[in-house]
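Okay, so here's the structure we're looking at.
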Amino acid sequence: MRVLVLFAHPAQRKSSINVAMASGARNLDGITFVDLYAEYPRFSIDVDREQRRLMEHDVIVFQFPVFWYSTPALLKQWQDLVLEYGFAYGPEGKRLAGKLVMPCITTGGSRADYSTKGGNRRQIEHFLYPLEQTAVLCGMESLPPFVLHSANHLAEVSAQHHIAAFPQLLAALRDERFDFVSARQLQTFNSFDLNDLIRI
Ligand SMILES: Cc1cc2nc3c(=O)[nH]c(=O)nc-3n(C[C@H](O)[C@H](O)[C@H](O)COP(=O)(O)O)c2cc1C
């Protein structure tokens, strides 16, 4: 499958996880990697180009750190401008139908924080509902998110496990070695789940 990674991180000099994940993804054969903040530092998104990119791919991966329970601002701008009526939705807007969307996110909050008894009161997938429903409205399938919690407080070995897993996930999607049937049963998945989700 043709995989497009749309990476959004506005403060990459301060990133310890996403930039490392991105560098594993950037040069993967057969994957299109787009650093949105590098391409559009002034937020002036080239809508035609982004729509063309979407059309040319089967799987759209949104890679971002969760900021204020949402996407970084440029990724919201990208949604607002690129997913146009008549292109992505509406009676004549079926150009994205059948594509797959997968959020690959990191959070500062822990897994326990993202629970009914935790400080954030809900699981992480609930905060992704606008993105999920946007995909569904556009006729795409929203897959469970690949999540790294506690991204700022990880043991080095755990961070490295996640960073190494990201390009493996992308390659498995590309080569159709990803077990979609099992993944669809999950609410979220992490780098340790990939052992069961990737066929060798
Ligand atoms: C402006 C801002 C808002 C943030 N909002 C949240 C949030 O709502 N929930 C959360 O779990 N973490 C939040 N964080 C923490 C980031 O998600 C975390 O720093 C990031 O995932 C770490 O990845 P990085 O090392 O690649 O930057 C926020 C961080 C910043 C700077």
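Computed from a predicted structure; not experimentally measured. When a ligand or atom number is given, it counts from 1 through the structure's own listing order.
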Q. Can we call the ring centroids of His162 and Phe146 under 6.0 Å apart?
A. yes

Q) How far apart are the C-alpha atoms of Glu56 and Arg53, what are their side-chain angles, what is the distance that settles it, and do they pass the salt bridge (Lys or Arg N to Asp or Glu O under 4.0 Å) test? A) CA-CA 5 Å; Glu56 288 163 1; Arg53 270 180 181 152; over 6 Å; no

Q: Would you check whether His9 reaches within less than 4.0 Å of ligand 1, judged by its heavy atoms?
A: yes

Q) If you measure from each heavy atom of Phe127 to ligand 1, is any distance below 4.0 Å? A) no

Q) Have Asn120 and Tyr69 got a donor and an acceptor in their side chains that come within less than 3.5 Å? A) yes

**Q.** CG-CD1 distance between Leu4 and Ile31, expressed to the nearest 0.5 angstrom
**A.** 9.5 Å

(Q) Checking contacts here: is it the side chain or the backbone of Ser15 that comes within 4.0 Å of ligand 1, counting heavy atoms only? Could be both or neither. (A) both

Q.
Show, in sequence, the C-alpha distance, side-chain angles and deciding distance for Gln63 and Phe33, and conclude whether the side-chain contact (heavy atoms from CB on, under 4.5 Å) test is met.
A. CA-CA 10 Å; Gln63 186 207 337; Phe33 179 88; 4.0 Å; yes

Q: Could you tell me whether Val19 and ligand 1 have an N or O pair separated by under 3.5 Å?
A: no

(Q) Is the distance between the ring centroids of Phe62 and Phe64 under 6.0 Å? (A) no

Q: Could you list the atoms of ligand 1 found under 4.0 angstrom from a heavy atom of Tyr69?
A: 7 (C), 8 (O)

Q | Steps toward salt bridge (Lys or Arg N to Asp or Glu O under 4.0 Å) verdict (Glu39, Arg49) | A | CA-CA 11 Å; Glu39 293 210 6; Arg49 178 200 208 186; 3.0 Å; yes

Q: Answer side chain, backbone, both or neither: which part of Asp113 comes under 4.0 Å from ligand 1, heavy atoms only.
A: neither

Q: Give a yes or no answer on whether the side chain of Arg174 reaches the backbone of Asp29 with a donor-acceptor pair at less than 3.5 Å.
A: yes

(Q) For ligand 1, which is the ligand I care about here, please tell me if Asn120 has any N or O atom under 3.5 Å from one of the ligand's N or O atoms. (A) no

Q: Spell out, as yes or no, whether a donor-acceptor pair under 3.5 Å connects the side chain of Thr134 to the backbone of Pro130.
A: yes

Q: Could you pull out, from Pro65, Ser70, Gly108, the option with a heavy atom nearest to atom 12 (N) of ligand 1?
A: Gly108

**Q.** Heavy-atom nearest neighbour in the protein, as seen from atom 25 (O) of ligand 1, with distance rounded to 0.1 Å
**A.** Ser16 N, 2.7 Å

(Q) Between ligand 1 and Ile17, is the shortest N or O to N or O distance under 3.5 Å? (A) yes

(Q) Under 6.0 Å between ring centres: does that hold for Tyr37 and His9? (A) no

Q.
Check this for me - ligand 1, Phe67, N or O atoms closer than 3.5 angstrom, yes or no?
A. no

Q. Who's the nearest protein heavy-atom neighbour of atom 21 (O) of ligand 1, and how far?
A. Thr106 OG1, 2.6 Å

**Q.** Closest approach of any protein heavy atom to atom 22 (C) of ligand 1, naming residue and atom
**A.** Asn152 OD1, 3.3 Å

(Q) Just to be sure I'm reading this right: ignoring hydrogens, which of Tyr114, Phe64, Trp68 gets closest to atom 9 (N) of ligand 1? Compare them by their nearest heavy atoms. (A) Tyr114

(Q) Tell me whether Val66 has any N or O atom under 3.5 angstrom from an N or O of ligand 1. (A) yes

